Amino acid sequence: MTISLPGEIVPNADQLPATVLAYIGDAVYELAVRHYLVTRGIASVNQLHREAIKYVRADNQARVMHALKDKLTEKEAAVARRGRNARSGHPPRGSDVISYRHSTGLESLVGYLYLTGQCGRLGEILELARQVVEADG
């Protein structure tokens, strides 16, 4: 999966609250998933929605985060840890607290990479996410 970067890099992204990084990361991840699904030729909105849910569910995002564990730089791991430990509300229905926290860590990492303009690295993370989700169908 790929995503275009913003026109302007956010210079203080390191100082933003983890919940803000997760807020942006959630939108970036969702857009990347939707773009990927459309490029696969899915033309039905209902089918697009059903497929997208597989990628954005908290338990699948948590699995992605676990798969990334040994592949992150020290800085990336710190950003993901901040996101995981942030108090970001209640988990969605059907999700447990631990999975929700790990998924927030992934979203924080995606948001950080997006806001700092790390296009190549963001692409690598999104591709691994796609592989992890698709491996279990």
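None of the values given here were measured: they were computed from a predicted structure.
Shown here for Met65 and Gly105, the closest heavy-atom pair between the two residues is SD-C, 3.9 Å. Here the closest non-hydrogen pair linking Ala67 and Val132 is CB-CG2, 3.6 Å. Residue Val133 comes nearest to Lys54 through the heavy atom pair CG1-O, 3.6 Å, listed as atom of the first residue, atom of the second, then distance. Closest approach of Tyr114 and Ile24 over heavy atoms only: CD2-CG2, 3.8 Å. When every heavy atom of Leu115 is checked against every heavy atom of Ile9, the shortest pair comes out as O-CG2, 3.3 Å.
Applying the ring-ring contact (aromatic ring centres under 6.0 Å, His included) test to His66 and every residue at least two apart in sequence or in another chain returns His102. Taking Asp14 as the reference, Lys75, Tyr112 meet the side chain to side chain contact (heavy atoms under 4.5 Å, CB included) condition, with sequence neighbours excluded. Looking at residues two or more places apart in sequence or on another chain, you find a side chain to side chain contact (heavy atoms under 4.5 Å, CB included) between Ala52 and Val33, Leu37.
In this structure, OG1 on Thr19 lies 9.0 Å from CZ on Arg82, to the nearest 0.5 angstrom. A distance of 9.0 Å separates CD of Glu76 from OG1 of Thr116, quoted to the nearest 0.5 Å.
Side-chain atoms of Arg121 do not come within 3.5 Å of backbone N or O of Leu113 as any donor-acceptor pair. A donor-acceptor distance shorter than 3.5 angstrom exists from the side chain of Ser108 to the backbone of Ala18, with no hydrogens or angles considered. A side-chain donor-acceptor contact under 3.5 Å links Tyr29 to the backbone of Tyr55.
Hydrophobic clustering (ILVMFWY, side-chain heavy atoms < 4.5 Å, transitive): Ile53 and Val28 are in distinct clusters. A chain of hydrophobic side-chain contacts below 4.5 Å, direct or via other Ile, Leu, Val, Met, Phe, Trp or Tyr residues, connects Val38 to Leu126.
Using a 4.0 Å cut-off between charged side-chain N and carboxylate O, Glu124 and Lys71 make no salt bridge.
The side-chain contact (heavy atoms from CB on, under 4.5 Å) test with Leu21 is passed by exactly one of Leu16, Val10, Thr104, Asp26: Leu16.
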**Prompt:** Does the pair Leu72 and Val79 meet the rule for a side chain to side chain contact (heavy atoms under 4.5 Å, CB included), with working shown?
**Reply:** CA-CA 10 Å; Leu72 299 177; Val79 168; over 6 Å; no
